[in-house]
Protein chains: 2
Amino acid sequence: MAFGTSRFAEQGYHPTSVSEIVTGLGVGKGVFYWYFDSKEQLFLEILRDAQTDLRRRQQQAIAEEDDPIRRIELGLRASLAWAEEHRDHNRLIQFAATEATFVGALRRGQDIAVADVVRHVKEAIAQGRIRDDADPDLLAHAMVGVAGHLTRTFIYERGEAAGGVADSVVAFCLRGILGDP
Amino acid sequence: MAFGTSRFAEQGYHPTSVSEIVTGLGVGKGVFYWYFDSKEQLFLEILRDAQTDLRRRQQQAIAEEDDPIRRIELGLRASLAWAEEHRDHNRLIQFAATEATFVGALRRGQDIAVADVVRHVKEAIAQGRIRDDADPDLLAHAMVGVAGHLTRTFIYERGEAAGGVADSVVAFCLRGILGDP
DNA sequence: GCAGTTCTTGACCGCCCGGTCAAGTGACCG
DNA sequence: CGGTCACTTGACCGGGCGGTCAAGAACTGC
């Protein structure tokens with residue numbers, strides 16, 4: 001699965017053939033179809049694992065924090081750190097969003113993560129720390145957008161460290177959800 | 001080209017065959033290869049046209065405005081409006097970002113648009129309206145991330161109107177670049 | 001050492017892909 | 001009217017695809 005992940009990430013899902021994966025692994029084709037029903041299923045399994053792993057990382061990061069705003073910050077930082085360590089998985093997540101076959105599976109995982117952020121935003125609104133006319137869902141997705149795009153641009157394309165980028169992401173997002181104007 | 005765009009957007013680039021495009025159009029395969037060198041070239045041409053069109057729209061929107069912050073706002077609104085009208089093109093842009101063959105061509109266009117935003121941000125910093133320790137490039141990309149993700153989530157997936165979403169995008173982004181905290 | 005089960009092999013299958021090209025077709029020009 | 005040439009056709013090609021399967025190999029429990 002690790003090898004498949006890297007091939008898919010480097011060349012794309014469709015251009016990567018099952019033959020290529022198995023010969024790269026030095027095994028016969030039968031092995032592949034013994035463990036997976038199809039190429040598609042391999043991809044879905046990789047996707048599910050990636051989402052599970054990211055979520056675990058986020059949960060760990062915020063486990064010991066009660067303040068909702070701090071939880072959002074820690075969640076963002078954890079996501080960027082994970083993304084830095086799992087470029088390949090992240091690319092596949094991005095690809096999955098463009099393919100009708102995979103968007104369903106992708107969104108199921110994505111929704112769970114967003115729901116967490118929404119919860120924190122709502123809590124912060126209840127505490128009067130975010131304007132109460134704000135739409136929690138929208139703010140959550142806006143933050144996801146910032147984190148995703150800055151990860152791709154500054155960490156992947158420009159090779160910057162996740163820590164520094166995370167500082168900027170957090171700063172921008174917190175101004176976005178807390179700011180006055 | 002319009003038909004190709006819609007097939008690519010609906011089914012994906014690889015799953016769409018040249019045969020499918022020409023039979024859908026009711027013409028022979030020779031016609032396709034008379035006007036295009038390859039399937040790849042068709043895609044690149046679509047991509048280039050889309051980027052050109054989006055940029056024209058942005059330029060028109062900000063042409064008569066001098067204030068840099070207002071220009072950013074109008075640029076964001078124009079982008080969302082364009083995205084609402086050109087879902088297919090936007091999907092292909094998103095896909096192009098995931099395919100090594102196309103990222104080069106994509107980035108060339110993307111960089112130009114970002115450079116515009118960067119210019120406005122720098123101007124706003126010079127006017128003392130944005131903190132002068134801010135990184136213009138980062139702020140510009142953050143806004144692109146917000147606009148792109150909210151477009152996909154709220155306009156494409158949930159079918160909301162571009163106008164309303166644009167209000168939220170602008171509000172979030174302006175807090176993000178102007179806000180105090 | 002046998003039987004049964006779990007894994008592994010790679011030749012093979014049918015299919016369809018991107019791309020080619022010989023053979024037109026018909027509008028235009030002298 | 002004949003010749004030219006921009007365009008169109010669709011059968012065809014080589015190749016590679018996802019997926020199958022008969023034939024083992026390797027391990028188990030007995």
Side-chain angles (χ1 to χ4, degrees), chain A residues 1-51 88-89 91-106 108, chain B residues 1-51 88-89 91-106 108:
Chain A
M1 270 182 50
F3 186 75
T5 304
S6 80
R7 300 319 290 162
F8 284 153
E10 267 167 49
Q11 318 187 2
Y13 172 76
H14 293 289
T16 300
S17 68
V18 175
S19 318
E20 191 185 337
I21 293 174
V22 296
T23 57
L25 246 23
V27 300
K29 235 179 185 181
V31 171
F32 184 93
Y33 286 98
W34 179 264
Y35 291 102
F36 303 100
D37 288 346
S38 64
K39 182 183 170 185
E40 186 181 324
Q41 204 219 9
L42 166 64
F43 188 88
L44 288 170
E45 219 137 297
I46 292 172
L47 200 62
R48 192 172 43 80
D49 282 8
Q51 287 182 309
D88 287 353
H89 286 106
R91 297 200 104 89
L92 297 194
I93 288 174
Q94 201 197 340
F95 166 77
T98 72
E99 193 84 1
T101 326
F102 302 128
V103 280
L106 180 68
R108 229 169 296 137
Chain B
M1 268 186 50
F3 185 76
T5 304
S6 82
R7 300 318 289 160
F8 285 155
E10 268 167 46
Q11 318 186 0
Y13 172 75
H14 294 289
T16 300
S17 67
V18 175
S19 318
E20 191 185 337
I21 293 174
V22 295
T23 60
L25 246 25
V27 301
K29 232 177 187 182
V31 171
F32 184 94
Y33 286 98
W34 179 265
Y35 291 102
F36 303 100
D37 288 344
S38 64
K39 181 183 171 185
E40 184 180 326
Q41 204 219 8
L42 165 64
F43 188 88
L44 287 170
E45 220 138 295
I46 293 172
L47 199 62
R48 192 173 42 81
D49 283 7
Q51 288 182 309
D88 287 353
H89 287 106
R91 297 199 104 89
L92 297 193
I93 288 175
Q94 200 197 341
F95 167 76
T98 71
E99 194 84 359
T101 325
F102 302 127
V103 281
L106 179 69
R108 229 169 296 136

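Labels below follow one simple rule: chain letters A, B, ... track the order of the sequence lines, proteins then strands, and each chain is numbered from 1.
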Does A/K39 count as lying over the ring of A/F32, i.e. NZ or CZ under 6.0 Å from the six-ring centre, within 45 degrees of the axis?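 Checked: cation-pi criterion not met.
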Taking the six-membered ring for Trp, is the centroid-to-centroid distance between B/Y13 and B/F102 below 6.0 Å?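 Between B/F102 and B/Y13, which both carry aromatic rings, the centre distance is below 6.0 Å.
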Taking the side chain as C-beta and beyond, is there a heavy-atom pair between A/I21 and A/T16 under 4.5 Å?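 Yes, close enough: below the 4.5 Å cut-off.
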State whether [X] places a side-chain N or O below 4.0 Å from either non-bridging phosphate oxygen (OP1 or OP2) of [N].
| X | N | result |
| --- | --- | --- |
| A/Y35 | C/dT8 | yes |
| B/W34 | D/dC7 | yes |
| B/S17 | C/dC17 | yes |

[X] [atom1] to [N] [atom2]: how many Å, rounded?
| X | N | atom1 | atom2 | result |
| --- | --- | --- | --- | --- |
| A/K29 | C/dC13 | NZ | C1' | 10 Å |
| B/F36 | D/dC7 | CZ | P | 14 Å |
| B/I21 | C/dC17 | CD1 | C1' | 12 Å |
| B/K39 | C/dG18 | NZ | C1' | 8 Å |

Please pick, from D/dG19, C/dT9, C/dG19, the nucleotide with the shortest atom-to-atom distance to any side-chain atom of B/S38. C/dG19
For DNA chain D, whose closest nucleotide is more 5', that of B/G28 or that of A/P15?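 That would be B/G28.
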Smallest separation among heavy atoms of B/F36 and B/Q41, with atom names: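 It is CA-OE1, 3.4 Å.
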